[in-house]
Amino acid sequence: MPELPEVAALAADLRERAVGRVIDRADVAEFSVLKTYDPPLTALRGARITGTARRGKFLDLIAEPPEGPQLHLVTHLARAGWLRWRDAMPEAPPKPGKGPLAFRLRFTDGSGFDLTEAGTRKRLAVYLTTDINQIPGVASLGPEPLDASFTPEVLAAILGGRRTQIKGVLRDQKLIAGIGNAYSDEVLHAAKMSPFRLASSLSPQEIADLHAVIVGTLREAIDRSDGLAASDLKKEKKAGLRVHGRAGEACPVCGDTVREVSFADSALQYCPTCQTGGKPLADRRMSRLLK
Ligand SMILES: [Zn+2]
């Protein structure tokens, strides 16, 4: 799933490609992806792209129609969504139905992009709005971790008194924007902290260290993906991850085997030596299988 660094890179890539182009048409191929109905997608016809932005994991394409207010075409790619730029788009609108295509935007010069979603769980979302803060998922976002205003004090206030596991806090979009399952694993590994630590139990020093690791991990990932085209981002993200998605492989820091804890619809990865004093965490699903 694209998280803050990948969405930032997509916004940068799209800025290079799309700004200045004029929209010919926007079409949904999977009706459930469009979460708004006013203004309609036809309001985009003739609008010129003036910029792109990122809020949390939301990608914002800013368009100026010939008349009327500025429009924001906002996308949340969810777990299995992706954006694919095409220099030559078919002229006919896509046929709704089977396949990964969810949404298509075509510019008047024939170029454009597809939003695709793999798998059967359709979570990709598209919004067209005059005010991005009207989107509930955007309005409820916590602070942006790469903003100067995200200080160790702000992180301390988020964690203070929160008797929940740090892993869940880091990936809660309402508490901190843009970090998901992958980068929360990476942050906790770099911070040498158990994903099950209670957020409220961190000392001021641990909070300061964790803050530095959050900012450093995200900045590093952004630097790695800087200048990459959308098509190369996924490969780069995977290559840059140290523990996430690497259960069974050797920890690049200490050589111990990266382990996994599975949940109903996700899994976390960690290194026992680096993060949990050498002790594997209980994996309820595994122990149930072993009984
Ligand atoms: Zn390790």
Side-chain angles (χ1 to χ4, degrees), residues 1-2 6-8 10-141 173 177 230:
M1 114 117 70
E6 292 78 41
V7 180
L10 282 175
D13 186 46
L14 212 50
R15 195 172 303 133
E16 292 289 313
R17 294 174 191 268
V19 166
R21 294 192 204 249
V22 173
I23 296 171
D24 172 34
R25 58 185 302 146
D27 293 286
V28 289
E30 167 66 50
F31 290 111
S32 65
V33 303
L34 187 64
K35 306 300 178 191
T36 52
Y37 59 91
D38 185 25
L41 286 180
T42 50
L44 286 169
R45 189 162 292 179
R48 184 178 297 275
I49 304 295
T50 55
T52 66
R54 178 197 61 78
R55 295 279 291 278
K57 301 182 205 165
F58 291 85
L59 176 64
D60 179 14
L61 204 61
I62 302 150
E64 296 285 351
E67 48 197 85
Q70 195 178 60
L71 297 171
H72 294 265
L73 181 66
V74 179
T75 305
H76 191 287
L77 291 168
R79 189 177 292 185
W82 201 247
L83 183 150
R84 194 159 70 100
W85 179 267
R86 296 174 65 171
D87 288 325
M89 227 14 136
E91 223 160 296
K95 287 196 187 75
K98 292 190 186 102
L101 183 64
F103 180 91
R104 172 170 288 170
L105 190 87
R106 186 181 189 276
F107 296 110
T108 51
D109 65 2
S111 65
F113 63 82
D114 285 339
L115 299 177
T116 60
E117 187 172 27
T120 50
R121 294 182 76 166
K122 297 301 180 194
R123 293 258 184 88
L124 189 146
V126 174
Y127 311 80
L128 184 62
T129 178
T130 54
D131 175 6
I132 187 167
N133 291 309
Q134 295 284 316
I135 300 169
V138 172
S140 66
L141 284 173
Q173 300 306 298

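If you read the sequence from its start, that first residue is 1, and numbering goes on from there.
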#### Entry: Polar contact flag, side-chain donor to acceptor under 3.5 angstrom, S111-D109
yes
### Query
Between A63 and A47, which heavy-atom pair has the shortest distance, and what is it?
CB-CB, 3.9 Å
### Query
Run the side chain to side chain contact (heavy atoms under 4.5 Å, CB included) check on N133 and R55 step by step: do they pass?
CA-CA 10 Å; N133 291 309; R55 295 279 291 278; 3.0 Å; yes
### Task
Assess whether side chain to side chain contact (heavy atoms under 4.5 Å, CB included) is satisfied between R104 and R25, documenting all intermediate values.
CA-CA 8 Å; R104 172 170 288 170; R25 58 185 302 146; over 6 Å; no
### Task
Would you give the length of the straight line joining atom CD of E117 to atom CZ of R123, rounded to the nearest 0.5 angstrom?
8.5 Å
#### Entry: From CH2 (W85) to CG (D114), nearest 0.5 Å
11.0 Å
#### Entry: Between CG on residue L83 and CD on residue E6, distance to nearest 0.5 Å
13.5 Å
### Summary
dist I23:CD1 -> L105:CG (nearest 0.5 Å) comes out at 4.5 Å
### Query
Would you say the side-chain atoms of R45 pair up with the backbone N or O of D24, donor to acceptor, closer than 3.5 Å?
yes
### Query
R15 side chain to R17 main-chain N or O, any donor-acceptor pair under 3.5 Å?
no
### Query
When the ring planes of F58 and Y127 are compared, do they come out parallel, tilted or perpendicular, using 30° and 60° as the limits?
tilted
### Message
Rounded at 0.5 Å granularity, tell me how far CZ in R86 sits from CZ in F107.
### Response
13.5 Å
Distance-only donor-acceptor hits, side chain of residues 64-71, under 3.5 Å, sequence neighbours excluded:
| from | atom 1 | to | atom 2 | distance (Å) |
| --- | --- | --- | --- | --- |
| E64 | OE2 | Q70 | NE2 | 2.9 |

## Note on the structure
In short, L124 meets A78 closest at the heavy-atom pair N-CB, 3.9 Å
### Task
Using atom types as modelled and distance alone, determine if a side-chain donor or acceptor of R21 lies under 3.5 Å from a backbone N or O of I49.
no
### Message
With side chain to side chain contact (heavy atoms under 4.5 Å, CB included) as the criterion, how do W82 and L115 come out once you've worked through the C-alpha distance, each side chain's angles and the decisive distance to 0.1 Å?
### Response
CA-CA 6 Å; W82 201 247; L115 299 177; over 6 Å; no
### Summary
Value for OG1 (T75) from CG (L14), rounded to nearest 0.5 Å, stands at 9.0 Å
### Query
Within the distance-only criterion (no hydrogens, no angle test), does the side chain of K35 pair as donor or acceptor with the backbone N or O of S32 below 3.5 angstrom?
yes
#### Entry: Test side chain to side chain contact (heavy atoms under 4.5 Å, CB included) applied to L73 and L59, I62, V126, the passing residue
V126
### Flag, side chain of K122 to backbone of A102, donor-acceptor distance under 3.5 Å
no
### Task
For the residue pair V138 and D60, establish whether any side-chain heavy-atom pair is separated by less than 4.5 Å.
no
### Task
Check for a donor-acceptor pair, side chain of T129 on one end and backbone N or O of H72 on the other, with a separation under 3.5 Å.
no
### Query
Taking it one step at a time, do F113 and D13 satisfy side chain to side chain contact (heavy atoms under 4.5 Å, CB included)?
CA-CA 12 Å; F113 63 82; D13 186 46; over 6 Å; no
